[in-house]
Protein chains: 2
Amino acid sequence: MTFEVTILGSNSALPSHGRHPTSQVVNHNENLYLLDCGEGTQIQLSTYKIKRSKINHIFISHLHGDHYYGLIGLLTSYHLLKRTEPVNLYGPKGLKEILEVNFRYSDTRLVYTLNIHEINCSDSELILESDQLAISTIPMKHRIPCCGFLFRQKPAGRKIIAEKIAFYEIPLSAIPDLRTGKDISLGDRKIPNEELTTDPPIPKSYAYCSDTLYNETFLNIIHGVDMMYHETTFMDDSKGRAEITYHSTTLQAGMIAKKAAVKKLLIGHFSSKYDDLSLLLQETKSIFENTELAEEGKIFKI
Amino acid sequence: MTFEVTILGSNSALPSHGRHPTSQVVNHNENLYLLDCGEGTQIQLSTYKIKRSKINHIFISHLHGDHYYGLIGLLTSYHLLKRTEPVNLYGPKGLKEILEVNFRYSDTRLVYTLNIHEINCSDSELILESDQLAISTIPMKHRIPCCGFLFRQKPAGRKIIAEKIAFYEIPLSAIPDLRTGKDISLGDRKIPNEELTTDPPIPKSYAYCSDTLYNETFLNIIHGVDMMYHETTFMDDSKGRAEITYHSTTLQAGMIAKKAAVKKLLIGHFSSKYDDLSLLLQETKSIFENTELAEEGKIFKI
């Protein structure tokens, strides 16, 4: 099953050095989830050959422009392309009003349904759930309401061994019970579950930690995730600047990764003052070795 | 004196084929004027090495997204870069409200002065004037209020021949009179103006005709301009579609250029249905020979 994230942009605030503002696409079993949508996101989707039409859920972490100025363009393009599938949009209070005022003056009445779900950003809450996946918010500490998003795969049923099913001529109606781990009776014979199934894959998880001050309050929420994206706007020598602007440094992101015992760390939201990103990577690795730069175009398997 | 236009984007509605939505920069004597500001304009400015800080005047033709979705990003970048010069923004009613709602939720209080000038789009009016240039609106016929912009150089004074001034030892105080064409008296000697000056350059003009139905009502406003940009969203075989969507075709733009006796025509705002633009150029040229494609990155001297 596919579970991966593609980086569309990871620069902070100002587009610079050819880098775009924040946006990522999570692909879970060919369902696409867009995380933030900075200016130019729809063009980046096209650059990296990701079908925008396949995105049904969009999550906006907060209302600083580098995280949502591309949203109105994407939503308008869906309209012009006569999209029929609904779009589910999750974001803080204000997003609805911002979109409505744009659509009012352009006299746009969307041809598709746009469901806007307001999220509160002060507590972690489950905002979307399917058979396979649960998505919750992760409260950040930022200058305005802001939250990250946690993707957790649900435990899958046990994997059926097809040849054994055929061999014992087990009826299809027994499959659901087998998946839950039950043994099966055929006449007077009992076949133990472990002969017919194997362990399911271990559920994976991805935490997207958008703009935030160094913040230990969400450690319990993200504990042990397989991959965490955490912003590193600045290097350690600018930690004063990070504090004033409610951002994090390389060392702070590394510390969060270590304390939360995550398996892998992606860093991004780089200040436009940094042209060469290798120093940010090196500094983060000094605290947390399994780190990679969230550079645009890169795909990370979770 | 520099008087030229650089195309930053000229695709209609949807960004496609690697083409960006509408934006152009007029450079008049190193004063930069931005015409429309589709999504990604600030990135395009950087791509074509045009200093965004040198733009002091921005004109938005109408409130369809492909003409202004990049504006909020550009204005925010000026803020983050601690701009000190004011920005003068000209656009239809609604633009102020759209910007304000974004800035309110991001808690942004601009560090520079943003003067928003509301334009009415129903009559041609002079909206900006300097010693060298006059800028007026050109009413378009579109689904929502929309106008183009006409740049007219003002007549310059006669050109002084420096060597003659030195030879006759003419005082500096006489220069303004010489520029207006007056003769000069030195003691009892009268020196005719034409011995000391040459004709000034002929004032040039540029008409930017944004989204519009075929519309002869502005022919008198743009008559004889040196260069006109006119939208050609569609080719002639889609003229029905052009009418429904309040756009123009190649042949219609050519006809406007011909009837207004403009010297040169630029065409743009190409529908995303066209990958190869040479056919649009060819069709327009069948009516008006001196036509060029307004392709991004191209610079046209006026």
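Labels below follow one simple rule: chain letters A, B, ... track the order of the sequence lines, proteins then strands, and each chain is numbered from 1.
B/Leu95 does not touch chain A: none of its heavy atoms, backbone or side chain, sits under 4.5 Å away. Proximity to chain A (any heavy atom under 4.5 Å) is restricted, for B/Ile144, to the side chain, taken from C-beta onward. With a 4.5 Å cut-off on non-hydrogen atoms, A/His20 touches chain B through its side chain but not through its backbone. Residue A/Thr245 does not touch chain B at all, counting heavy-atom pairs closer than 4.5 Å. Contact annotation for B/Ser12: neither backbone nor side-chain heavy atoms come within less than 4.5 Å of a heavy atom of chain A. In this structure, the portions of B/Ser77 lying under 4.5 Å from any heavy atom of chain A include both its backbone and its side chain. Heavy atoms of A/Leu80 lying under 4.5 Å from chain B belong exclusively to its side chain. Residue A/Ile72 touches chain B through both its backbone and its side chain, counting heavy-atom pairs closer than 4.5 Å.
Within 6.0 Å of OH on A/Tyr274 lie more than 12 heavy atoms contributed by other residues, nucleotides or ligands.
Of the N and O atoms on the side chains of B/Tyr105 and A/Glu97, at least one donor lies less than 3.5 Å from an acceptor on the other residue.
Applying the ring pair (Phe, Tyr, Trp, His ring centres under 6.0 Å) criterion to A/His247, with sequence neighbours excluded, gives A/His142, A/His269.
The two atoms that bring A/Asp107 and B/Arg143 nearest to each other are O-NH1, 3.3 Å, heavy atoms only.
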